[in-house]
Each structure stands twice: as structure tokens, then as C-alpha cells.
Amino acid sequence: MTHLNLFEAEFALPLPDSLKHQVRYLFTDVDDTLTWQGKLPSQTLQALEQLAEAGIQVIPVTGACAGWCDCMVRTWPVAAVIGENGAFWMQKNAQGQIDTHYRLEEPQRSEQYQALRQIQQQLLEHFPFARATADQRYRETDIAFDIRQQHQNTAEEIEQLRQALQTSGLHARVSSIHINAWRGDYDKASTALAWLSDQGVPEQDWLHKTAFIGDSANDAAMFEHFRLTFGVANIRHCLDSLPRPPKYITRQEGGFGFIEVAERLLT
């Protein structure tokens with residue numbers, strides 16, 4: 001896959017009042033990037049609609065479960081949804097039906113999922129503080145632990161769990177609310193590029209016509225692979241853990257920061 005890691009700045013800058021851009025594909029994280037404090041602000045939904053009307057396709061790239069991704073792609077004004085940290089993308093076909101494109105084929109996908117659930121159960125028994133996410137039953141390819149959604153873990157507990165997952169041979173990524181873990185040669189960025197290729201977007205357009213906005217260490221691959229990147233204000237707490245920071249940071253947090261970016265892209 002072609003990488004888009006050509007950067008003009010090593011450090012995150014305040015979001016400027018205007019942007020010169022050719023963006024037609026805006027990839028975005030969901031939790032605490034489109035949402036804020038567990039809700040999708042009505043103004044953020046309006047910004048998504050305005051972007052779509054302007055011909056800028058928005059593609060959520062999230063660790064969210066397949067069940068939630070199905071709901072998003074059916075009801076939000078988005079072009080597609082990349083879910084479970086790059087395990088698949090969902091989008092409507094010409095007949096309005098949902099097609100799901102997996103990065104791993106059957107039966108490998110199902111076999112790996114069963115093995116992952118066994119690892120999850122072992123860790124739940126080993127770490128008294130560990131909790132599976134409420135949406136685990138709606139996942140198809142990964143396991144997830146709730147660290148700041150319905151349960152609150154300390155930084156030390158989160159790191160213990162992350163290291164245990166990695167010791168088990170899994171990819172483990174920490175988002176603002178979950179730790180997601182999976183097996184497979186994919187992540188958010190590689191699947192975003194695979195989606196662009198599948199849509200027939202020429203590689204020479206990927207550099208200037210794409211952008212990404214996110215909020216956490218779980219978005220590191222996207223910040224590394226794309227040139228025009230944004231962080232909402234709440235990303236500041238994890239900047240030190242990112243190999244490559246976003247190019248710009250908004251003034252506001254979560255979905256309200258997303259609105260700032262949308263306004264610049266629509267101007």
C-alpha cells in the first residue's frame with residue numbers, strides 16, 4: 001500500500017481560520033471525535049449532512065462493533081463505515097442494501113474470533129478490574145475491554161491489560177473508551193487505503209484529496225499515513241504517545257471540534 005506520510009510540520013498547530021484544500025474524502029474517528037460525552041451533537045450531524053451535500057464523502061473509521069457500524073451506515077449521511085479497527089468496511093450498494101467487505105475471509109475469521117474470545121475470558125478471570133465491553137456480543141472480529149465507557153480503569157490497569165494482550169500475540173489499541181485487540185494484518189489506515197482503491201480513486205489523488213480527524217492513540221496509524229490530519233482538542237492528553245501528531249488541533253473537543261474542521265473544509 002502507498003503511504004501518505006509526507007508532512008510539513010513535526011508538531012501539531014492550532015487550526016487556522018482557512019484551509020486551501022482539495023479534500024473529497026474525510027476519514028474520521030467516532031468516539032469522542034464525532035461524539036462527545038457519549039452523544040452525537042445535533043450540530044455535528046448537521047455538519048455531516050453539509051459535507052455530503054458539498055461532495056465531501058465522510059468515512060467513519062472506528063473501533064466500534066459491527067452492530068453499531070451497521071446502524072451508522074444505514075442512518076448517517078456517510079459514504080461507508082470502516083469498523084472494528086479496520087476488520088471490514090460497510091457501505092450501501094446501488095440497491096440500498098448493505099455490503100460488508102472483510103479483510104479476512106472465512107473460515108479464518110470465525111476461527112480467530114473464537115480463539116480471541118477464549119483469550120478474553122482468560123484475561124477477565126486473571127484481572128479483577130477487567131470488564132468486557134457491553135457491545136462485545138455485536139462484534140465479529142475483535143475483543144474489546146471497557147476502560148472508560150461504563151467502567152473506569154487507572155492508567156496502570158490499562159497498561160497491564162494492553163501488555164497482556166500483546167503478550168498473547170494480539171494487536172492491542174487503546175482508544176478513549178476501550179482497548180481493542182485482534183489478529184490480522186490490517187489496521188485503520190491499511191483498510192482506509194484499501195477502501196480508496198476499491199472505490200477506484202487513483203493513488204495520485206490520495207495525497208491531496210484525503211484528510212483524517214481523530215482523538216486518541218488508537219488513531220496513530222491514520223496520523224502516520226495521511227498528510228492532512230486534525231486532532232480534536234481532547235487529543236492533547238495523549239500527544240506524547242503518538243509517533244506522529246496531527247497537523248492541526250481544534251479549539252473545541254469531540255464533535256464540536258469536528259464542526260470546526262467541517263467549517264474550514266466547507267469554506
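A continuous path of Ile, Leu, Val, Met, Phe, Trp and Tyr side chains, each step under 4.5 Å between heavy atoms, connects I82 with W206, placing both in one hydrophobic cluster. Cluster membership for V78 and I213, using ILVMFWY side-chain heavy atoms within less than 4.5 angstrom, is shared. There is a path of hydrophobic side-chain contacts, each under 4.5 Å, that joins L26 to V73. The hydrophobic clustering, which links ILVMFWY residues whose side-chain heavy atoms are closer than 4.5 Å, places I147 and V30 apart. By the criterion of side-chain heavy atoms lying less than 4.5 angstrom apart, applied directly or through intervening Ile, Leu, Val, Met, Phe, Trp or Tyr residues, V81 is not grouped with Y138; the two fall into different hydrophobic clusters.
Contacts of H126 classified as ring-ring contact (aromatic ring centres under 6.0 Å, His included), with partners at least two apart in sequence or in another chain: none. For Q204, the side-chain contact (heavy atoms from CB on, under 4.5 Å) partners two or more places apart in sequence, or in a different chain, are P202. Scanning for ring-ring contact (aromatic ring centres under 6.0 Å, His included) contacts around F258 gives an empty result, with sequence neighbours left out. Among residues two or more places apart in sequence or in another chain, the side-chain hydrogen bond (donor to acceptor under 3.5 Å, both in side chains) test is passed with S110 by E106. Under the side-chain hydrogen bond (donor to acceptor under 3.5 Å, both in side chains) criterion, Q120 pairs with R117, Q136, sequence neighbours left out. In this structure, the ring-ring contact (aromatic ring centres under 6.0 Å, His included) partners of F127, at least two apart in sequence or on a different chain, are F129. Taking the side-chain contact (heavy atoms from CB on, under 4.5 Å) definition, one finds that H151 meets it with R131, D146, sequence neighbours left out.
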Which atom pairs, one a donor and one an acceptor, fall under 3.5 Å between side chains of residues 42-67 and the rest of the protein, sequence neighbours left out?
| from | atom 1 | to | atom 2 | distance (Å) |
| --- | --- | --- | --- | --- |
| T44 | OG1 | G255 | O | 3.1 |
| T62 | OG1 | A64 | N | 2.9 |

With a cut-off of 3.5 Å and sequence neighbours excluded, list every side-chain donor-acceptor pair involving residues 259-267.
| from | atom 1 | to | atom 2 | distance (Å) |
| --- | --- | --- | --- | --- |
| E260 | OE1 | R251 | N | 3.1 |
| E260 | OE2 | R251 | N | 3.2 |
| E260 | OE2 | Q252 | N | 2.7 |
| R264 | NE | P16 | O | 2.6 |
| R264 | NE | D17 | O | 3.3 |
| R264 | NH1 | E260 | O | 3.2 |
| T267 | OG1 | E263 | O | 2.7 |

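The ring-ring contact (aromatic ring centres under 6.0 Å, His included) analysis of residues 156-178, with sequence neighbours excluded, yields the pairs H171-W182. Residue pairs meeting the salt bridge (charged side-chain N to carboxylate O under 4.0 Å, His left out) criterion with at least one partner in residues 160-181, sequence neighbours excluded, are E159-R162. Within the structure, the salt bridge (charged side-chain N to carboxylate O under 4.0 Å, His left out) test picks out the following pairs touching residues 58-73 (sequence neighbours left out): D70-R74.
Side-chain atoms of D198 do not come within 3.5 Å of backbone N or O of A194 as any donor-acceptor pair.
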Subject >> Stepwise side chain to side chain donor-acceptor pair (under 3.5 Å) test for T191 and R103 >> reply: CA-CA 8 Å; T191 302; R103 300 303 306 276; 2.7 Å; yes

Subject >> side chain to side chain donor-acceptor pair (under 3.5 Å) between N85 and N218, intermediate numbers included >> reply: CA-CA 9 Å; N85 284 285; N218 193 34; 3.2 Å; yes

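Considering all non-hydrogen atoms of both residues, C238 and A217 come closest at SG-N, 3.7 Å.
Relative ring orientation between W68 and W76 is described as perpendicular, the plane-to-plane angle rising above 60° on a 0-90° scale split at 30° and 60°.
In this structure, CD on Q149 lies 10.0 Å from CD on Q152, to the nearest 0.5 angstrom. Once rounded to the nearest 0.5 Å, the distance linking CG of D187 with CG of N180 reads 12.5 Å.
Under the 6.0 Å cut-off for aromatic ring centres, F230 and F212 do not qualify, their centroids lying 6.0 Å or more apart.
Using a cut-off of 4.0 Å between Lys/Arg side-chain N and Asp/Glu carboxylate O, R183 and D142 are scored as not salt-bridged.
Heavy-atom contacts from other residues, nucleotides or ligands closer than 6.0 Å to CG of D185 number 12 or fewer.
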